[in-house]
Amino acid sequence: MKIIKVDHIGVAVNSIESSLKFFSNTLGLKLEGQETVAEQKVTTAFMPVGDTEVELLQSTAPDGPIAGFIEKKGEGVQHVAFLVDNIEEALKELEAKGIRLIDKVPRMGAGGKKIAFVHPKDTYGVLVELCQKV
Ligand code: ZN
């Protein structure tokens with residue numbers, strides 16, 4: 001497995017619009033695009049920071065994973081995403097090393113990338129997303 005870089009940091013927020021007051025108005029980050037991933041019941045907003053990005057995540061439904069996260073933990077960092085060169089290979093390698101996977105097979109995420117999540121019970125509480133550009 002080859003990790004190329006931290007692709008983005010996912011931040012769960014109640015409202016992308018109101019969180020932009022900080023991320024955009026205060027920090028000066030530029031909103032590059034917004035996209036809803038219906039299957040994951042989430043709207044994402046990407047803001048590049050150097051070679052990586054901040055990804056704001058707002059739930060589109062009360063029973064979505066982001067809504068559940070905020071209910072349990074409040075707003076905040078929800079996942080860290082690593083860009084890999086071959087996501088299928090990376091998942092196989094992790095599984096062979098005994099790491100539990102949330103997604104054994106990659107699915108399509110925001111930004112036209114293949115993504116898969118690794119179980120936080122095996123990653124010291126960090127929800128790790130692997131992603132690969134298609
Ligand atoms: Zn992500």
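- Among residues at least two apart or in separate chains, salt bridge (Lys or Arg N to Asp or Glu O under 4.0 Å) pairs with a member in residues 109-128 are Asp7-Lys113, Glu88-Lys114, Arg100-Asp122.
- In the hydrophobic clustering, where aliphatic and aromatic side chains (Ile, Leu, Val, Met, Phe, Trp, Tyr) are joined below 4.5 Å either directly or transitively, Ile4 groups with Leu83.
- When hydrophobic clusters are built by joining Ile, Leu, Val, Met, Phe, Trp and Tyr residues whose side-chain heavy atoms come closer than 4.5 Å, directly or via intermediates, Ile102 is not grouped with Ile99.
- Of the possible polar contacts, one joining the Thr52 side chain to the Val6 backbone as a donor-acceptor pair under 3.5 Å is found.
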Cut-off 3.5 Å, no hydrogens considered: what does the side-chain donor-acceptor table look like for residues 25-35, sequence neighbours left out?
from  : atom 1 : to     : atom 2 : distance (Å)
Thr26 : OG1    : Lys21  : O      : 3.0
Glu35 : OE1    : Gly111 : N      : 2.9

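- When hydrophobic clusters are built by joining Ile, Leu, Val, Met, Phe, Trp and Tyr residues whose side-chain heavy atoms come closer than 4.5 Å, directly or via intermediates, Ile3 is grouped together with Leu101.
- Contacts of Asp51 classified as side-chain contact (heavy atoms from CB on, under 4.5 Å), with partners at least two apart in sequence or in another chain: Lys5.
- Every side-chain hydrogen bond (donor to acceptor under 3.5 Å, both in side chains) that Glu95 has, sequence neighbours left out, goes to Lys104.
- Across Gly109 and Val37, no two heavy atoms sit closer than the pair C-CG2, 4.4 Å.
- Side-chain contact between Val42 and Pro65 is absent, with no heavy atoms from C-beta onward closer than 4.5 Å.
- Residues Leu57 and Ile16 fall into different hydrophobic clusters, defined by Ile, Leu, Val, Met, Phe, Trp and Tyr side chains chained together at heavy-atom separations under 4.5 Å.
- Residues satisfying the side-chain hydrogen bond (donor to acceptor under 3.5 Å, both in side chains) test with Gln40, not counting sequence neighbours, are Arg107.
- Contact check for Glu89 versus Val84: no side-chain heavy atoms found under the 4.5 Å cut-off.
- Remark: Gln78 CD to Leu56 CG distance equals 12.0 Å, nearest 0.5 Å.
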Residues 66-75, side-chain donor-acceptor partners within the protein, below 3.5 Å, at least two apart:
from  : atom 1 : to    : atom 2 : distance (Å)
Glu75 : OE2    : Asn14 : N      : 2.7

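- No single ILVMFWY cluster, assembled from side-chain heavy atoms under 4.5 Å apart, contains both Phe23 and Phe46.
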Report all side-chain donor-acceptor pairs from residues 123-134 shorter than 3.5 Å, counting only partners two or more places apart or in another chain.
from   : atom 1 : to     : atom 2 : distance (Å)
Thr123 : OG1    : Pro120 : O      : 3.4
Thr123 : OG1    : Val126 : O      : 2.4
Glu129 : OE1    : His8   : NE2    : 3.3
Glu129 : OE1    : His79  : NE2    : 2.8
Gln132 : OE1    : Ile87  : N      : 2.9
Gln132 : NE2    : Asp85  : O      : 3.2

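- Criterion: ILVMFWY side-chain heavy atoms under 4.5 Å apart, direct or through other members. Under it, Val118 and Met108 are not part of a common hydrophobic cluster.
- Sorted by first then second residue, the salt bridge (Lys or Arg N to Asp or Glu O under 4.0 Å) pairs that include residues 57-70, not counting sequence neighbours, are Lys41-Asp63.
- Checked against side-chain hydrogen bond (donor to acceptor under 3.5 Å, both in side chains), Thr43 has the following partners two or more places apart in sequence or in another chain: Thr36.
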